[in-house]
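One structure is given below, encoded as structure tokens.
Since the model is a prediction, treat every value here as computed from it, not as a measurement.
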Amino acid sequence: MTRVRDFDDRPAFDDPPAEVIAEAAGAFGLLASSARLHIVWALAQGESDVTGLAERVGGALPAVSQHLTKLKLAGLVRSRREGRRQVYFVDDPDIVAVVRLLVGRLAERADQQPARRLRGAGA
């Protein structure tokens with residue numbers, strides 16, 4: 001890792017290896033979809049099957065299933081069989097923490113200042 005200083009000469013964080021940056025970008029890329037972010041948010045609150053997730057996030061069952069497949073392939077979501085149902089959950093406390101922090105803070109801001117939005121954010 002490379003130690004760098006901030007522009008005002010304060011100590012800054014070490015630069016992580018390129019592979020770590022690429023992995024983080026991939027995770028953020030998957031979470032850039034509002035549907036997938038909503039699914040991960042819901043699963044961060046507790047496990048669910050695809051039917052429950054579709055009802056909660058307001059998506060069509062096949063679309064939610066496709067999003068879950070992408071999230072599983074990326075290792076952001078896992079599943080287990082419970083009888084005939086497949087139950088999904090987030091098994092990475094770091095992903096849960098990041099999603100809860102960002103979405104929670106933005107929700108707090110929206111409550112305080114409804115007109116404020118992130119620059120470049122879609123509708």
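Leu102 CG to Leu37 CG: the interatomic distance, rounded to the nearest 0.5 Å, is 7.5 Å. Once rounded to the nearest 0.5 Å, the distance linking CG of Leu61 with CG of Leu53 reads 9.5 Å. Note that the NE2 atom of His38 and the CG atom of Leu43 stand 10.0 Å from one another [nearest 0.5 Å]. Atom CH2 of residue Trp41 and atom OG of residue Ser34 lie 15.0 Å apart, to the nearest 0.5 angstrom.
Looking at Leu106 and Arg109, their side chains come closer than 4.5 Å, going by heavy atoms from C-beta outward. Side-chain atoms of Arg81 and Gln86, non-hydrogen and from C-beta on, do get closer than 4.5 Å to each other. For the pair Arg56/Ser48, no side-chain contact is recorded, criterion being any heavy-atom separation below 4.5 Å from C-beta on.
Closest heavy-atom contact between Ala74 and Leu30: CB-CD1, 2.9 Å. The shortest non-hydrogen separation linking Ile21 to Pro16 is CD1-CG, 3.5 Å.
Partner of Val90 under the side-chain contact (heavy atoms from CB on, under 4.5 Å) criterion, out of Ile39, Val40, Val99, Leu76: Val40 alone.
In the hydrophobic clustering of ILVMFWY residues, with side-chain heavy atoms under 4.5 Å counting as a link, Ile95 and Val103 come out together. Val96 and Val87 are not part of a single hydrophobic cluster, where members link through side-chain heavy atoms under 4.5 Å apart.
Annotation: salt bridge (charged side-chain N to carboxylate O under 4.0 Å, His left out) contacts involving residues 25-48, sequence neighbours excluded, comprise Glu47-Arg80.
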